[in-house]
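Computed from heavy atoms alone, side chains included, the values below leave out hydrogens, waters and symmetry copies. Throughout, a chain's letter reflects where its sequence line sits, starting with A, and its residues are numbered from 1.
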Amino acid sequence: MIKPNLAVDVAGIRMKNPVTTASGTFGFGSEYAPFVDLNRLGAIVVKGTTLLPRRGNPPPRIVETPAGILNAIGLQNPGVDHFIEVALPYLRQFDLPVIVNIAGDTVEDYAALAARLDGVPGVAGLEVNISCPNVKKGGLAFGADPDSAAAVVRAVKGATRLPVVVKLSPNVTSIVRLAEAVVEAGADALSMINTLLGMAIDIRRRRPALANVMGGLSGPAIRPVAVRAVWQVYQALKVPIVGMGGIVTAEDALEFIMAGATAVAVGTANFINPRATTDIIEGIERFLVEEGVSDIQELIGAAHMS
Amino acid sequence: MIKPNLAVDVAGIRMKNPVTTASGTFGFGSEYAPFVDLNRLGAIVVKGTTLLPRRGNPPPRIVETPAGILNAIGLQNPGVDHFIEVALPYLRQFDLPVIVNIAGDTVEDYAALAARLDGVPGVAGLEVNISCPNVKKGGLAFGADPDSAAAVVRAVKGATRLPVVVKLSPNVTSIVRLAEAVVEAGADALSMINTLLGMAIDIRRRRPALANVMGGLSGPAIRPVAVRAVWQVYQALKVPIVGMGGIVTAEDALEFIMAGATAVAVGTANFINPRATTDIIEGIERFLVEEGVSDIQELIGAAHMS
Amino acid sequence: MAVDIPAEVVQQEQVGPGLYRLSLYAPQITRSAVPGQFVYIRCTDNLDPLLRRPISIHGVNRGRGELFLLYQVVGKGTALLAGKRKGERLGVMGPLGRGFTLPAPGQRVVLVGGGIGVAPLVFLGQELVQRNNQVCLLVGARSAHQLPVGKEGYTAPFELAVATDDGSCGHHGPVTDLLEKILAGEGADMVYACGPRGMLRQTASLLARYDVPGEFSLEERMGCGVGACLSCVCKTAGKGGEPLQYRRVCVEGPVFPAEQLVWD
Amino acid sequence: MAVDIPAEVVQQEQVGPGLYRLSLYAPQITRSAVPGQFVYIRCTDNLDPLLRRPISIHGVNRGRGELFLLYQVVGKGTALLAGKRKGERLGVMGPLGRGFTLPAPGQRVVLVGGGIGVAPLVFLGQELVQRNNQVCLLVGARSAHQLPVGKEGYTAPFELAVATDDGSCGHHGPVTDLLEKILAGEGADMVYACGPRGMLRQTASLLARYDVPGEFSLEERMGCGVGACLSCVCKTAGKGGEPLQYRRVCVEGPVFPAEQLVWD
Ligand SMILES: Cc1cc2nc3c(=O)[nH]c(=O)nc-3n(C[C@H](O)[C@H](O)[C@H](O)COP(=O)(O)OP(=O)(O)OC[C@H]3O[C@@H](n4cnc5c(N)ncnc54)[C@H](O)[C@@H]3O)c2cc1C
Ligand SMILES: Cc1cc2nc3c(=O)[nH]c(=O)nc-3n(C[C@H](O)[C@H](O)[C@H](O)COP(=O)(O)OP(=O)(O)OC[C@H]3O[C@@H](n4cnc5c(N)ncnc54)[C@H](O)[C@@H]3O)c2cc1C
Ligand SMILES: Cc1cc2nc3c(=O)[nH]c(=O)nc-3n(C[C@H](O)[C@H](O)[C@H](O)COP(=O)(O)O)c2cc1C
Ligand SMILES: Cc1cc2nc3c(=O)[nH]c(=O)nc-3n(C[C@H](O)[C@H](O)[C@H](O)COP(=O)(O)O)c2cc1C
Ligand code: FES
Ligand code: FES
């Protein structure tokens, strides 16, 4: 059989296969380069970047839970300038679309970040993380409110010509309403899901296990919630979706694709298996061959048919 | 050391220890009687009961996911009259408060169920499941909208003198807003969490794994989300909380208690270990002895102190 | 009465490709177990996989308190089971479910097993032979090497015929061909079947055509295994005017009268 | 360069209560491993526990390509590790992290190990002895039977002193008492420490008081182990005017200069 086609296009970002990395779990790529050939990835989504460097939360920042982890990193990052000057030149040696995950406290922050990254050679697109606390709106997450989410997206779209992927939070009553609002505001693609809000308690110390009290739940535990979100949004809207949440194997990735994702991102699984991304790419290809599918496109949303 | 006190009181329901069963996972008690001494439970919460018998959803109704299960039973049950005539007399032989979980399609259904169960000897309280699709409101869950949730609770409170525990859904942007609304409407206690909305896809068949497409995620996977919900609501409101979601061990139960739960319910864990409830009771007692705590009350919400 | 016990592995034996025969010391279970019942096994101490796995009782040695299981490795749970060694202990609940209704002594019965579905039928056959029933076991498999029982050298206290999809052993074709030949020929008083859905459906239509009663043992995904969660239902004809009703495979089954089942 | 390989268990040996010494065949790792580095181990094939576990390199035999680990069973991951038998394979990433800075040859160094914290110090001591450093290893434990090394019959190519909280072996009191005696007496050019937070803190204040440089190996909960997730940070003095900065134990550590660490 001829090699099946794995290439996909997410809002103009051309990926040689549908597998990318989940922001915050793959650093800026260099960390995993000893273990995995970055050239083989469909794309890379880098750690959440802010206008200025961020110190992040005090430790403990991570705690293991059943089939998952809670994290509260607090967006520690060296800032967008450092990204452009140090991390991006490193990544440009690879044949790999680089998607920059951006986060801010205010609508203006997002717009400024988008403007700063616009036209920077080597940046293929932006992923707008709207699941961070909005200082201006009193601690409510942008991502929880369709209006503020839309405002962020409009500001970002106004500041850049890059493809804009908007990353949705699952911690809402209706992810479809949120999706509709940001697509209406100009989002070129959606990525989902960010982590579920959770916490754990250290019963010996009688204190929250994370210094930050609450954290974001990721890993296989959340996969059913993520697949459901992709399914619902695919059903409601025609917009490319990057699916993620607990993908460990090619079978997991295929669940997202059949639910409606054009591409998938691998997050927590990198921690378990540094070659998770390329193992998944190989597994998807094997599945296509086994099932006699010549093009991955045939499987996107396939579980909605029949 | 003297045996520590494990007894708790949930809105007038006196439990000899804080451990009860999660509705729908323990049937009407008789199913588990060969394996566990029902007299040792703090209380029993029976399968969701409706006015008329319900046939439920077609199979497959269950699928295993990482550290969790998705279920879509569809409230199959023999109806409230059958419950009163057959299941309740059986349970009355035990020294055990019986809490009846009720569900309906309309506010009137809930009120009628509450009225029907009011004054029935052997019923210690009602648990109002407001996470079911609301037919009148076009498929939106009562539990997702504070106003409709409050309407249900007012109707139930108006129809019964029994203690009313309201069971909250985690599939909302703010569980605290929901909690506030139902407490304002008269809820005597809250139980949380019901299942997370999720789904899985059978990639070989390219179809949703559950006949009902979506289902409810339960089990250890959701514990961090459940502990977070209890923590948030305890912090915002002074109302007794029955905590549940992924409790398998005494340590898990203690997380909920320290987060603010007065009692805990064991659900999916019964499927793994039919003695999960009593093992947890013993484990809690052991922990109290080890830590020199003479009364479980000292631990309720303990992680909020300091 | 059903119990949940830590049962010790007496013997673990590979008897075919991915096919294992497990013997467990479980006198509390063998004591009351009848053919068609199953046990619900915790295959691991941790949370992956989370649920127990249902396996039919393949036989018992009541004198020695031994319970026999015959199982096929198809995923995580059964693979873990196959890794258990003599002396290890497994959480086993059982005996669970409603077994087969036994026919009047002397009656001629046919057992139809598709693949691993033959597991409970061997136990049934042994009991029936002791009750002086005339027993014929029909075993179907994809090909000779996948036959769970009935291979060369296999001895059973009853008549046995084999069918394989690829003709590599016995009849070339579905096992239901063998059943049809019997029903059309010498006939049978009762048919018991266990196997893939397609085979059961075909068996059901043969039973209807030849007007022979039958009982089928079904498989469904389970949660509790004891009737508490309503996860494991199958579609059956309804009682009292109801067009259909979902019944629990774990307690109202796994064995159901063939005519009660609704196929769609 | 770090690799991720399936390393075969060469030997698994229980050397105390809940204490194990594991030898793995991992020539790709031993080749470049230096004292203070660690490996990141997948203790299971399934999802429970989900994450890998970091374990310090306790020693290497470069000729044979063997990597030695010394670990204490404290939970699920280490219990699974202790269950691995000769011939089994484990996913091992390494060598990871920044090891100890070695002192000038001939300098007198003291190694302070609290409990299992002694594991990387033995590897360090062996290397230092080869470089003609004068090495003294101080080992602290709660009581004699919990001593990870230094028990009767234990031979090391360097000086060794023991302290136990209950006085059942060696000095009766914290291991830092022994350090203080040395610093107040003959002195030391460099101190390396690994152990519980309280012990490190106390060591830090002794180093400050006697103005001796030191390096500490820290432990923090990890996600990726390679610097990508920012989970494993510890609080350090900031650079360039910043009052403090979080640094990653897995790549900027696990070994940090004592004076950079902030205790609160
Ligand atoms: C009452 C009863 C008796 C049984 N008796 C036997 C027996 O005697 N011997 C035997 O080998 N097996 C028997 N089974 C089937 C056995 O329970 C499953 O094969 C087992 O649970 C699979 O677990 P796993 O973790 O290995 O596979 P999983 O990883 O759970 O699944 C592997 C594959 O098998 C499919 N699958 C698994 N379980 C089922 C099921 N219950 N129904 C449909 N598809 C399924 C899955 O979809 C998947 O494709 C019985 C089942 C029931 C309900
Ligand atoms: C760089 C590094 C090197 C290490 N070297 C060694 C070594 O050589 N030998 C050795 O025995 N151990 C070493 N450890 C510690 C070892 O990683 C943990 O003991 C192990 O991860 C525990 O896993 P578990 O699943 O057995 O326990 P878990 O079930 O995860 O935890 C059991 C208990 O230990 C506590 N715990 C576990 N890990 C940590 C941690 N990293 N920090 C603080 N508390 C923790 C938990 O809170 C819990 O109370 C090292 C840790 C690090 C970070
Ligand atoms: C340690 C860690 C850090 C993360 N940091 C970010 C981030 O900076 N920006 C972002 O949008 N998502 C971040 N995420 C969320 C992931 O990108 C992803 O949405 C989530 O983890 C679900 O995928 P997974 O289950 O495969 O990990 C982070 C997740 C983890 C575990
Ligand atoms: C099979 C199954 C059936 C359930 N049925 C009901 C129900 O009828 N009413 C209800 O309020 N909750 C029902 N639930 C939800 C549980 O009561 C509980 O809220 C949830 O499972 C989380 O707890 P757990 O993780 O311990 O199972 C059901 C859960 C399961 C798994
Ligand atoms: S498995 Fe729970 S009712 Fe059958
Ligand atoms: S563990 Fe991920 S940065 Fe250290």
Report the option among [options] that has the most heavy-atom pairs separated by less than 4.5 Å from atoms of chain C.
| options | result |
| --- | --- |
| B:Asn77, B:Asn273, B:Asn57, B:Val248 | B:Asn57 |
| B:Ile272, B:Ile73, B:Ile69 | B:Ile272 |
| B:Gly219, B:Gly68, B:Gly56, B:Pro58 | B:Pro58 |

Residues, nucleotides or ligands: over 12 heavy atoms within 6.0 Å of [X] [atom1]:
| X | atom1 | answer |
| --- | --- | --- |
| C:Arg62 | CZ | yes |
| C:Asp45 | CG | no |
| C:Tyr25 | OH | no |

Within a strict 4.5 Å, meaning less than it, do heavy atoms of the [X] and [Y] side chains meet?
| X | Y | result |
| --- | --- | --- |
| B:Arg61 | C:Tyr246 | yes |
| B:Arg55 | C:Lys235 | no |
| C:Arg52 | B:Pro274 | yes |
| B:Phe26 | C:Cys224 | no |
| B:Pro34 | C:Val3 | no |
| B:Ile62 | C:Glu220 | no |

query: About how many Å separate OG of C:Ser231 and CG of B:Leu70, when rounded to the nearest 0.5 Å?
result: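 Spacing of CG (B:Leu70) from OG (C:Ser231) equals 11.0 Å.
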Under 4.5 Å from a heavy atom of chain C, the part of [X] involved:
| X | answer |
| --- | --- |
| B:Phe35 | side chain |
| B:Pro66 | neither |
| B:Pro220 | side chain |
| B:Thr268 | side chain |

[X] versus chain B, the contacting section by heavy-atom distance below 4.5 Å:
| X | answer |
| --- | --- |
| C:Arg42 | side chain |
| C:Leu96 | side chain |
| C:Asp48 | neither |

query: For C:Tyr40 and B:Phe271, which heavy atoms make the closest approach, and how far apart are they?
result: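 In terms of heavy atoms, the two residues are closest at CE2-O, 4.2 Å.
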task: Measure across B:Pro59 and C:Cys234 and return the closest heavy-atom pair with its distance rounded to 0.1 Å.
output: CG-CA, 4.5 Å
query: Does a salt bridge link B:Glu64 with C:Arg53, judged by any charged N lying under 4.0 Å from a carboxylate O?
result: yes
message: Out of C:Cys232, C:Gly227, C:Gly223, C:Gly225, return the one with the most heavy atom pairs under 4.5 angstrom to chain B.
response: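 Most heavy-atom pairs within the cutoff with chain B belong to C:Gly223.
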